[in-house]
Amino acid sequence: MPLEFRKEYFADERDDDLNEIGKPTQRQDMVGHVTGRSPFYDDHLFDGLCHIRCTRSPHHHAKIRRIDTSAAERMPGVRRIITGKDVPNNLNTLLSLLDFGLDDEPLLATEKVCYKGDPVAAVVADTERQAREAAAAVRVDYEVLPHVLDVEEAIKPGAPSISKPYPGNLFVYHGKYDHQKLRFGDVEAGFREADHVIEGRYQMSPIEQAPIETCGAIAAPETNDRFVCYTSTQALFFSLGTAAKLLDISSARLHFIGGTVGGGFGGKVDSLHEPMAILGTILTGRPCKYMFDRAEEMQVGAPRGAERWYITDGVMNDGRLVARKLVGYFDAGAYTRLSSYAIIKGVGHLPGPYTIPNVYSDVYCVFTNRTPATAMRGFGVTGVDFAIESHMDVCAREIGLDPVAYRIINSYRDGDMKAHRRVAKNTALIECCQVAAEKAGVKLSPSLLAASSLKDGGGVRGEIPNYTATDQHGRVEGYSSGSYAQGGQSREPVETGRAAPPRPGHETPRAPAPAARTEPASQTPAAARRDPPPPPATPRPPEPAPAPERAAPRRGPRFSSISGLRRR
């Protein structure tokens, strides 16, 4: 929705006069939080509540030969051992409800495990301790496979193939390309014109969100053949749709209750706990809680994915950026989840808040044998900004300019054309830089102090280049994304006529050399010409739920009823 339309649509609900700044405004949920009265999902206790713990892979990558649950089934308090064959539709991708990507992640692994901590079986038991001990008693016979943990190693020819739908270890966008791309002008011509061509390599590590309230959900039978689910999810309707899909059940039979989240930061959108808790309830007839403990939250809770960026800038002696080339690799871990979407956001943010007449970017979503990645604050943009702004500092130093001055020279002005072919409006980076320089004691020239986001934009700067160099790098043939949302069509990649998934014709990864390098304009730009090319089930419904057992004695005034209708 365009910004202007949003403002008009919500005109009677908000104002933009910033009159709240400097005033003590009380958050609407603050009283409940500070008095301990805010209800979180774990506060909703049920008579006869069962607990779910998972048996997890000790290997990064291994084939599952056999799962032996016989010893665990005989242990005290165990109500049910759940394996992949008990999950009605045991394959999903988080954004399938939007027709974005192929199903690639089982709720419980059946054929192989793809990261250390991948769940293989789940135990439903009367107490958490009994469930934990039984989960440890499940015996799994593995055949260990080679694994890969580095994004550029994962797309080299001969690397272990992690994902069946994406055998080249690269996500396929829109069934056409093994990466997300942006082309604007002719970046090679820009490098030939530049006085300096400066390269940089930037690496971000995975980051765990570490919420105080660990991820989890509690499900219970309701009356009229429905199930209630109290959850910590940050995406209630995604979780509802995902649970309905995995369990092959009408969403009309699912009653989801969320709202209060004890810290999330993006890490509570993966919808893994809700379907497992509901499945435990369906199979046992008992209320079930599936909750990460702290060790699981840190080890298998999805982090912000790692990113690696290569940036090459063409810069004139007066500080003008005339060309920027970006090649990025997002580490999705073993399964897609939200990484492919994060890249679309990241590419939408390129080339940063700067007017550059020639831009080229290729950004890859790469599968490795790491914990699957997911959202975190500034999802898809934070790592890009880290790389771009670090490189701006490097370039400024190389050409002898103050970094603040360098940013003012290249900032968007109102009326400038972005690389995405939209006109920049309401820009303010120049004014922000001027204030920051004043606060930091950085002296700017009179011309930079007189610069404004409201003038000197548009004109030639607001035009789309007469010529844009396009290409078919990374073109993939024979893929179909299917259509879960449109109903009933295959989510498998089409087999007929699919060429063997091409491996990225990658050059050897660039040596880690964060330091910038300057070259004369007459030389061929050292920009790494990366021409990667790569690339490239569902069980039946569970047994009917046994009748609920007699409820256990109530343990205190906070208990909800067995039907789940009465909240704390």
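Just the heavy atoms: all of them, side chains too, but no hydrogens, waters or symmetry mates, feed the values below.
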Quiz item: Going through the distances and angles, do T382 and R304 end up as a side-chain contact (heavy atoms from CB on, under 4.5 Å)?
Solution: CA-CA 10 Å; T382 308; R304 178 204 295 278; 3.5 Å; yes

Quiz item: Checking side-chain hydrogen bond (donor to acceptor under 3.5 Å, both in side chains) against D362, which of R183, K181, Q180 comes through?
Solution: R183

Quiz item: Taking 4.0 angstrom as the limit, do K156 and E152 come out as a salt bridge?
Solution: no

Quiz item: Does the side chain of F386 reach to within under 4.5 Å of the side chain of W309, using non-hydrogen atoms?
Solution: no

Quiz prompt | salt bridge (Lys or Arg N to Asp or Glu O under 4.0 Å) evaluation trace for E128 with R132 | solution = CA-CA 6 Å; E128 183 178 348; R132 190 184 297 274; 2.8 Å; yes

Quiz item: Under a 4.5 Å cut-off applied to non-hydrogen side-chain atoms, are K345 and V384 in contact?
Solution: no

Quiz item: With respect to Y166, which candidate in V476, V366, T336 satisfies the side chain to side chain contact (heavy atoms under 4.5 Å, CB included) definition?
Solution: T336

Quiz prompt | Q472 side chain to Y177 side chain, donor-acceptor N/O pair below 3.5 angstrom | solution = yes

Exercise. Flag the pair F227 / L254 as yes when at least one side-chain heavy-atom distance between them is below 4.5 Å, and no otherwise.
Key: yes

Quiz item: Under 3.5 Å, is there a donor-acceptor pair between the side chain of D118 and the main chain of S57?
Solution: no

Exercise. Show your reasoning for whether side-chain contact (heavy atoms from CB on, under 4.5 Å) applies to M204 and Y202.
Key: CA-CA 7 Å; M204 283 188 66; Y202 305 91; over 6 Å; no

Exercise. Heavy atoms only: give me the nearest I52-A122 pair and the separation to one decimal.
Key: CG2-CB, 3.9 Å

Practice problem: Search all heavy atoms of M291 against all heavy atoms of E296 and return the closest pair with its distance. | Solution: O-OE1, 3.9 Å

Self-check item: Minimum heavy-atom distance between A302 and A373, given as atom pair plus value
Solution: CB-C, 4.1 Å

Quiz item: Would you call R475-E477 a salt bridge at under 4.0 Å N-O?
Solution: yes

Exercise. Keeping the roles fixed (side chain from T374, backbone from G267), state whether a donor-acceptor pair exists under 3.5 Å.
Key: no

Practice problem: Have a look at K112 and tell me which of H61, H59, E143 forms a side-chain hydrogen bond (donor to acceptor under 3.5 Å, both in side chains) with it. | Solution: H61

Exercise. Using a 4.5 Å cut-off on heavy atoms from C-beta on, say whether the side chain of I64 contacts that of T110.
Key: no

Quiz item: Which value, rounded to the nearest 0.5 Å, describes the distance between D270 atom CG and L338 atom CG?
Solution: 6.0 Å

Quiz item: Roughly how far apart are I311 CD1 and S390 OG, rounded to 0.5 Å?
Solution: 8.0 Å

Practice problem: Rounded to the nearest 0.5 Å, what's the gap from CG on D313 to CD on E199? Could you check? | Solution: 10.0 Å

Quiz item: Do the side chain of N90 and the main chain of L108 share a donor and acceptor less than 3.5 angstrom apart?
Solution: yes

Quiz item: If every non-hydrogen atom of R66 is compared with every non-hydrogen atom of D68, which pair is closest and at what distance?
Solution: NH1-CB, 3.8 Å

Quiz prompt | Heavy-atom closest contact (L98 atom, F238 atom, distance) | solution = CD1-CZ, 3.8 Å

Quiz item: Once you round to the nearest 0.5 Å, how far does OG1 of T368 lie from NE2 of H147?
Solution: 10.0 Å

Practice problem: Walk me through it: do I356 and F184 pass the test side-chain contact (heavy atoms from CB on, under 4.5 Å)? | Solution: CA-CA 9 Å; I356 307 174; F184 187 72; over 6 Å; no

Quiz item: So do L97 and F237 actually touch side chain to side chain, heavy atoms under 4.5 Å?
Solution: no

Quiz item: In a check of ring-ring contact (aromatic ring centres under 6.0 Å, His included) between F171 and each of F367, F330, Y364, F100, which one passes?
Solution: F100

Exercise. Report yes or no: does E307 contribute a side-chain atom to a donor-acceptor pair with the main-chain N or O of Y329 at less than 3.5 Å?
Key: no

Exercise. Check whether any side-chain N or O of R53 sits under 3.5 Å from a backbone N or O of V124 as a donor-acceptor pair, and report yes or no.
Key: no

Quiz prompt | Test item: D103 and S96 side chains (from C-beta on) under 4.5 Å apart, heavy atoms | solution = yes

Quiz item: Counting N and O atoms only, with roles assigned by atom type, does the side chain of N169 sit under 3.5 Å from a partner on the main chain of I162, one being a donor and the other an acceptor?
Solution: yes

Practice problem: Give a yes or no answer on whether the side chain of R324 reaches the backbone of P351 with a donor-acceptor pair at less than 3.5 Å. | Solution: yes

Self-check item: Considering all heavy atoms, the nearest Y173-C365 contact
Solution: OH-CB, 3.9 Å

Quiz item: Backbone N or O of A295 within a donor-acceptor pair of the D293 side chain at under 3.5 Å?
Solution: yes

Exercise. Keeping the roles fixed (side chain from E208, backbone from A210), state whether a donor-acceptor pair exists under 3.5 Å.
Key: yes

Exercise. Kindly indicate whether the side chain of I388, heavy atoms from C-beta on, has any atom under 4.5 Å from the side chain of L350.
Key: yes

Quiz item: Counting only N and O atoms by type, is there a donor-acceptor contact under 3.5 Å from the side chain of Q234 to the main-chain atoms of G266?
Solution: yes

Quiz item: From S339 OG over to D331 CG, what is the distance, rounded to the nearest 0.5 angstrom?
Solution: 7.5 Å

Quiz item: Yes or no on side-chain contact (heavy atoms from CB on, under 4.5 Å) for H391 and I198, after CA distance, side-chain angles and deciding distance?
Solution: CA-CA 9 Å; H391 199 59; I198 304 169; 4.1 Å; yes

Quiz item: When rounded to the nearest 0.5 angstrom, what is the spacing between CG in L247 and CD in E274?
Solution: 10.5 Å

Quiz item: Under 4.5 Å between any side-chain heavy atoms of L170 and H179, yes or no?
Solution: no

Exercise. Could you tell me whether F256 atom CZ has more than 12 heavy atoms of other residues or ligands within 6.0 Å of it?
Key: yes

